[in-house]
Q: 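Just passing along the structure, written as structure tokens.
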Protein chains: 2
Amino acid sequence: MSDTSEAYLQIGEVAERTGVTQRTLRFYEEKGLLRPPTRMDGGFRLYSEDDVKRVEHIRRLQNLLGLSLAEIKEMVEAQEMLREITAQYRPEWDVAEKKRQLRKAIDVVSQQHGIVSQKAEQMSEMKAQLAERLQTFDRWMAELEHAERKAPVA
Amino acid sequence: MSDTSEAYLQIGEVAERTGVTQRTLRFYEEKGLLRPPTRMDGGFRLYSEDDVKRVEHIRRLQNLLGLSLAEIKEMVEAQEMLREITAQYRPEWDVAEKKRQLRKAIDVVSQQHGIVSQKAEQMSEMKAQLAERLQTFDRWMAELEHAERKAPVA
DNA sequence: GCGACGCCTTACTTCTACGTCAAGGTTATG
DNA sequence: CATAACCTTGACGTAGAAGTAAGGCGTCGC
């Protein structure tokens with residue numbers, strides 16, 4: 001291969017780099033979460049670095065926010081829209097149409113932001129509770145050790 | 001029982017108050033996440049306010065942390081242990097045994113704390129990214145409106 | 001003491017998010 | 001050109017977390 005065309009990855013490399021299985025990558029494609037990658041003549045999938053990022057993003061939405069693939073798909077699709085707008089694709093769209101799409105994207109992202117904010121808040125609340133509980137436990141442990149020194153095991 | 005024995009709830013009420021179905025409550029019981037509630041003579045389950053809290057806790061662990069019911073079970077069981085220790089139950093246990101149990105509980109809680117901390121951090125990172133993205137969008141939107149004023153819709 | 005409604009168990013079904021073959025085509029390498 | 005390593009589609013399987021339906025008691029208000 002040419003040295004500069006190293007931008008293309010086969011499914012195995014993508015799997016390794018993202019930590020998901022090949023099956024999962026095909027599955028995401030099937031479900032519309034990853035757009036169908038380009039193919040080699042023989043039919044092998046060729047992914048871009050961008051695709052890798054998308055996979056990582058999907059995983060974050062899954063693990064961090066606990067969203068379903070269906071929900072993630074919606075978000076990913078909005079991202080797609082954006083990329084098209086920003087890359088000056090679809091020059092046939094007039095400004096009004098671009099605005100419509102952009103507004104849609106803003107909606108999705110603010111929704112995402114809302115979810116994250118809410119969860120983050122609940123998390124720090126929970127974190128505080130746990131920290132407090134740990135303190136209590138440490139105190140109890142100290143008490144137990146005190147008791148042990150006073151009255152050693154029979 | 002005490003005169004204010006109105007503290008007992010049937011499964012339907014618990015379901016309504018916690019937002020889970022009756023099936024789910026029985027399922028959690030079956031899986032050992034909820035200890036078997038007391039029953040009326042006819043066999044109807046009678047839950048306490050404490051049970052309600054436990055259900056809410058389980059849901060938080062599920063939704064916020066994305067833990068499996070198996071993982072949640074471990075945590076809930078550790079909580080149970082603690083309640084017994086702290087309530088001075090099991091006086092037949094010697095101090096060493098109590099220490100063992102307490103240490104176990106501490107382990108579980110610190111693990112929980114670790115998970116929460118990590119997730120919280122990742123969340124605020126994500127939140128920042130989203131906020132930044134929103135800013136960018138707003139700028140674009142402004143640009144589009146500017147363009148529109150200069151060259152109105154054809 | 002009866003009707004309506006709530007609850008019981010048991011068993012089967014569903015949905016999501018993949019895992020696991022199987023049988024065969026493609027690509028790189030000596 | 002053989003051979004290993006990699007990839008393809010397709011079909012079936014699975015674990016977790018419930019949903020749903022069937023058939024049968026319990027409870028409550030009148």
Side-chain angles (χ1 to χ4, degrees), chain A residues 1-3 5-48 51-52 54-76, chain B residues 5-6 8-48 51-52 54-76:
Chain A
M1 314 163 188
S2 75
D3 47 355
S5 74
E6 257 322 305
Y8 289 97
L9 307 161
Q10 286 188 207
I11 195 168
E13 307 179 64
V14 176
E16 202 172 337
R17 285 184 43 183
T18 59
V20 308
T21 66
Q22 304 185 12
R23 173 70 174 94
T24 297
L25 292 172
R26 298 198 191 98
F27 181 71
Y28 286 174
E29 182 184 337
E30 206 177 299
K31 291 282 163 180
L33 277 107
L34 295 176
R35 38 131 237 233
T38 56
R39 306 275 190 138
M40 294 168 51
D41 285 5
F44 287 22
R45 288 173 178 79
L46 285 178
Y47 294 94
S48 68
D51 290 323
V52 172
R54 210 172 320 239
V55 173
E56 284 163 352
H57 187 215
I58 291 171
R59 290 262 116 181
R60 269 201 308 279
L61 292 177
Q62 256 194 316
N63 300 330
L64 229 60
L65 302 190
L67 303 178
S68 70
L69 293 189
E71 292 168 312
I72 293 174
K73 184 183 171 187
E74 275 195 61
M75 304 194 156
V76 168
Chain B
S5 71
E6 258 320 302
Y8 288 97
L9 308 161
Q10 288 189 202
I11 195 168
E13 307 180 63
V14 176
E16 202 172 336
R17 286 184 41 182
T18 59
V20 308
T21 66
Q22 303 186 11
R23 173 67 174 97
T24 298
L25 292 172
R26 299 196 192 99
F27 182 70
Y28 286 175
E29 181 184 337
E30 201 178 303
K31 291 282 164 181
L33 277 113
L34 295 176
R35 39 131 238 234
T38 56
R39 305 275 190 137
M40 295 168 50
D41 285 4
F44 285 24
R45 289 172 177 78
L46 286 178
Y47 294 93
S48 68
D51 290 323
V52 172
R54 210 171 319 238
V55 173
E56 284 163 352
H57 186 213
I58 290 171
R59 291 262 114 179
R60 269 201 306 278
L61 292 176
Q62 257 195 319
N63 299 331
L64 229 61
L65 303 190
L67 302 179
S68 70
L69 293 189
E71 292 168 312
I72 293 174
K73 183 182 172 187
E74 275 194 62
M75 303 194 158
V76 168

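These values consider heavy atoms only, across backbone and side chains, with no hydrogens, waters or symmetry-generated copies. Chain letters run A, B, ... following the sequence lines, proteins first and then strands; every chain starts at 1.
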Q: So does Gln10(B) get a side-chain nitrogen or oxygen closer than 4.0 Å to the phosphate oxygens (OP1/OP2) of dC7(C)?
A: yes
Q: Report the residue (Phe44(B) or Ser68(B)) whose heavy-atom-nearest nucleotide on DNA chain D is the more 5′ of the two.
A: Ser68(B)
Q: Nearest whole Å is fine: how far is dC7(C) P from Leu25(B) CG?
A: 11 Å
Q: I need the CG-C1' distance between Leu67(A) and dT16(C), as an integer number of Å.
A: 14 Å
Q: Where the side chain of Gln22(A) is concerned, which of dT27(C), dC7(D), dA18(D) is the nearest nucleotide?
A: dC7(D)
Q: Could you state the atom-to-atom distance from CG of Leu46(B) to P of dG26(D) in whole Å?
A: 15 Å
Q: Looking at every strand, decide which applies to Gln62(B) at a 4.0 Å heavy-atom threshold: base, sugar-phosphate, or nothing.
A: sugar-phosphate
Q: Among dG6(C), dT27(C), dA18(D), which nucleotide sits nearest the side chain of Met40(A)?
A: dT27(C)
Q: Strictly below 4.0 Å: does Tyr28(B) bring a side-chain N or O up to OP1 or OP2 of dA17(D)?
A: no
Q: Give a yes/no on whether any side-chain N or O of Arg23(A) is located under 4.0 angstrom from OP1 or OP2 of dG10(D).
A: no
Q: Starting at OH of Tyr8(B) and ending at C1' of dG26(D), how long is that distance when rounded to a whole Å?
A: 20 Å
Q: Taking the nucleotide of DNA chain C with the nearest heavy atom to each, does Asp41(A) or Thr24(A) sit closer to the 5' end?
A: Thr24(A)
Q: Take the protein atom CD1 of Ile11(B) and the nucleotide atom P of dG26(D), then report the distance between them rounded to whole Å.
A: 17 Å
Q: Would a 4.5 Å heavy-atom cut-off, applied to side chains only, mark Arg59(A) and Thr24(A) as touching?
A: yes
Q: To the nearest Å, give me how far apart CD (Glu16(B)) and P (dC5(C)) are.
A: 16 Å
Q: Hey, does Arg45(A) have a side-chain heavy atom less than 4.5 Å from the side chain of Gln10(A)?
A: no
Q: Less than 4.0 angstrom between a side-chain N/O of Arg45(B) and OP1 or OP2 of dT9(C), yes or no?
A: yes
Q: What do the steps show when you test Arg35(A) against Asp51(A) for side-chain contact (heavy atoms from CB on, under 4.5 Å), and what is the final call?
A: CA-CA 9 Å; Arg35(A) 38 131 237 233; Asp51(A) 290 323; 3.3 Å; yes
Q: What nucleotide, of dT20(C), dA17(D), dT9(C), holds the atom closest to the side chain of Arg26(B)?
A: dT9(C)
Q: Let me know the distance between CZ of Arg39(A) and C1' of dC7(D), rounded to the nearest Å.
A: 10 Å
Q: What is the distance from CD1 of Ile58(B) to P of dG16(D), rounded to the nearest Å?
A: 17 Å
Q: Within a strict 4.5 Å, meaning less than it, do heavy atoms of the Tyr47(B) and Glu29(B) side chains meet?
A: yes
Q: Could you tell me if the side chain of Ile11(A) sits less than 4.5 Å from the side chain of Arg26(A), heavy atoms only?
A: yes
Q: Report yes if a side-chain nitrogen or oxygen of Thr21(A) is closer than 4.0 Å to either non-bridging phosphate oxygen (OP1 or OP2) of dC18(C); otherwise report no.
A: no
